Amino acid sequence: MMDTLPPFYQPIEGMDVVSWQESPEEIEVVAVSSKKTGRCPHCDSISCKKHSRYVRSLRDLPVSGKRVTLVLQTNKWFCFQPTCHVKVFTERLSGISSSKRYTDRLHLVLQELAFSMSAKAAERCSKAIGAPLSHDAFLYLIRAMPESPPKETPFRRHR
């Protein structure tokens with residue numbers, strides 16, 4: 001394990017940075033989960049028996065216009081609760097969605113771009129900052145947001 005973290009990188013809670021490499025266009029951060037137990041997402045019981053490990057590759061916030069790739073080794077755990085239908089589950093880390101290919105903090109930045117400009121402009125801006133995303137992906141981010149109910153005002157009642 002490395003003694004020093006790169007000065008530009010703030011690790012996500014629950015992970016230890018093992019190494020990192022910087023190239024002219026990308027920074028790769030290799031990390032492992034530091035959790036000793038896992039909590040089943042279905043029955044909420046705690047397990048300390050590991051099933052296996054797996055590696056995920058995620059995009060994280062860019063640094064100085066360079067793309068940051070997080071290579072994260074996480075665990076799978078056994079669930080021993082007899083009433084739970086899940087026998088093996090994957091580890092959950094705060095700040096990382098279980099299904100997305102990028103961190104929650106990058107997702108927030110991309111959402112902000114999507115809602116502050118047109119999809120084409122957001123595509124150009126994301127490429128410039130080092131987090132390239134297509135205009136179609138920005139439209140998907142907008143459509144994926146839940147709709148908020150309209151606010152009741154004196155001009156808009158009971159519609």
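These numbers were taken from a predicted model, which means no experiment stands behind them.
Judged purely by atom type and a 3.5 angstrom limit, R105 has no side-chain atom pairing as donor or acceptor with the backbone of I12. At least one donor-acceptor pair closer than 3.5 Å links the side chain of E91 to the backbone N or O of N75. Using modelled atom types, no side-chain atom of K100 and backbone atom of L58 make a donor-acceptor pair closer than 3.5 Å. Not a single donor-acceptor pair under 3.5 Å links the side chain of S47 to the backbone N or O of W77. With hydrogens and angles disregarded, no donor-acceptor distance shorter than 3.5 Å links the side chain of T103 to the backbone of I96.
Counting heavy atoms of neighbouring residues, nucleotides and ligands inside a 6.0 Å radius, atom CD of E26 exceeds 12 of them. Residue K87 qualifies as enclosed at atom NZ: its count of foreign heavy atoms under 6.0 Å is above 12. Within 6.0 Å of the OH atom in Y54, the count of heavy atoms belonging to other residues, nucleotides or ligands exceeds 12. Heavy-atom neighbours of R56 CZ from other residues, nucleotides or ligands within 6.0 Å: above the threshold of 12.
Side-chain atoms of L93 and S33, non-hydrogen and from C-beta on, do get closer than 4.5 Å to each other. Side-chain contact between L113 and I129 is present, with at least one heavy-atom pair separated by less than 4.5 Å. Residues P62 and L106 meet the side-chain proximity criterion, which asks for heavy atoms closer than 4.5 Å. In this structure, the side chains of V68 and L61 stay at 4.5 Å or more apart for every pair of heavy atoms.
Note: Y102 and H107 have parallel aromatic rings, judged against thresholds of 30 and 60 degrees for the angle between ring planes.
Nearest heavy-atom pair, A131 versus L110, reported as atom, atom and distance to 0.1 Å: O-CD2, 4.1 Å. Of all the heavy atoms in M15 and A31, the pair that sits closest is SD-CB, 4.0 Å. The heavy-atom pair separating C43 from Q81 by the smallest distance is SG-CG, 3.7 Å. In plain terms, the two heavy atoms of S134 and E123 that are nearest each other are CA-OE2, 3.8 Å. Among all heavy-atom pairs drawn from F138 and A119, the shortest one is CD1-O, 4.2 Å. Closest approach of F78 to F89, counting heavy atoms only: O-CE2, 3.6 Å.
Taken to the nearest 0.5 Å, the CD atom of E112 stands 11.0 Å off from the SG atom of C125. Expressed to the nearest 0.5 Å, how far NE2 of H51 lies from SG of C79 amounts to 12.5 Å. Atom OG of S19 is separated from atom CD of E28 by 7.5 Å, given to the nearest 0.5 angstrom. Taking SG of C40 as the reference point, atom CD1 of I46 lies at 11.0 Å (rounded to 0.5 Å). A distance of 12.5 Å separates CD1 in I27 from CG in L70, rounded to the nearest 0.5 Å. From K35, atom NZ reaches atom CD of E13 across 7.5 Å, with rounding to the nearest 0.5 Å.
By the criterion of side-chain heavy atoms lying less than 4.5 angstrom apart, applied directly or through intervening Ile, Leu, Val, Met, Phe, Trp or Tyr residues, I142 is not grouped with L108; the two fall into different hydrophobic clusters. Taking hydrophobic clusters as Ile, Leu, Val, Met, Phe, Trp and Tyr residues chained together by side-chain heavy-atom distances below 4.5 Å, L133 does not share a cluster with L139.
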**Prompt:** Which is it for R92 and T90 under the side-chain hydrogen bond (donor to acceptor under 3.5 Å, both in side chains) test, yes or no, and what are the steps along the way?
**Reply:** CA-CA 6 Å; R92 306 291 197 259; T90 57; 2.5 Å; yes
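Using a cutoff of 4.0 Å between basic side-chain nitrogens and carboxylate oxygens, K66 and E22 are scored as salt-bridged.
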